[in-house]
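Worksheet for the structure shown next.
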Amino acid sequence: MPQFDPAAAVKAVLVQAWADDHPDWTATLHVAADFQPVAGSPVLLVADDGGTTVNGGAWLVRRDMLRIVLRLTAFAAGRTEAREVLDAAVDHLVDNRPAGIRIENVPAVLDARDRETGAFLASITMPVIVRPL
Amino acid sequence: MAVGKVRLNKKTIGRILKTVDGGKRAAAQKILAGIDDPDAKIEVYTTDREVVGVMVPADRQAKDGLATKAASVAGVSPGRP
């Protein structure tokens, strides 16, 4: 049985939410290596940074819950825009949690600027508990 | 029923938190070993306890999840409260 892909589930929720509300915003699972920020068209990356099993033990192989860190990073032309997109995404996820995912915590936003492209980044590493399929 | 009174020796507990390593340095070294960046380093500082931090450039953490991924590979979940 395949393992549940929490990043894909989160991305699907955001794509659906933004289709009407924010058609210029993009949620994606990968950002192109030569990505260039365009004002008004921010991109939100949903990435899976891996994690550990919750209980562990041979009797729970493939049936254990997983403690996974999801990373949401907004790429935008401006700092305010990046943070706005990230905030909107997290707010929506907390209110419309995808099935099988429990959000454990929403820590502080990490602000950064991409040295290669100049894009402003706003990032959150969000621990979640994922239920097995 | 008589209720016993427990008083924590906060001064001593504080001293233990500030002086005992408890495997922090070994865990931080393990995480650092999995990070491929010349600017990554370990920083030891003290708040109300001694902290061993793995530092990476902020943009590489935001873009590639450098620190969180290395922690996951080392079996340390950054999500553990």
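Here is the naming used below: chain letters follow the sequence lines, and residue numbers restart at 1 for every chain.
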What residues form a side chain to side chain donor-acceptor pair (under 3.5 Å) with D21(A), not counting sequence neighbours? none
Tell me the residues of residues 72-103 of chain A whose non-hydrogen atoms fall below 4.5 Å from those of chain B, in number order. T73(A), F75(A)
In residues 117-126 of chain A, which residues are in contact with chain B at a heavy-atom separation under 4.5 Å? L121(A), S123(A), T125(A)
Salt bridge (Lys or Arg N to Asp or Glu O under 4.0 Å) pairs touching residues 115-133 of chain A, sequence neighbours excluded, are R115(A)-D39(B), R115(A)-D59(B), E116(A)-K63(B)
Do the side chains of [X] and [Y] join up, straight or via other hydrophobic residues, at under 4.5 Å, putting them in one cluster?
X	Y	result
F4(A)	V13(A)	yes
V76(B)	L66(B)	yes
M55(B)	V51(B)	yes
M65(A)	V61(A)	no
V109(A)	V106(A)	yes

K24(B) atom NZ: more than 12 heavy-atom contacts under 6.0 Å: yes
Answer yes or no: are there more than 12 heavy-atom neighbours, outside D48(B) itself, under 6.0 Å from its atom CG? yes
When heavy-atom pairs shorter than 4.5 Å are enumerated against chain A, which of G75(B), A58(B), A62(B), P57(B) gives the highest number? A62(B)
So how far is it from R71(A) CZ to Q61(B) CD, rounded to the nearest 0.5 Å? 6.5 Å
Within this structure, what is the OG1-CD1 distance for the pair T68(B) and I68(A), rounded to the nearest 0.5 Å? 12.5 Å
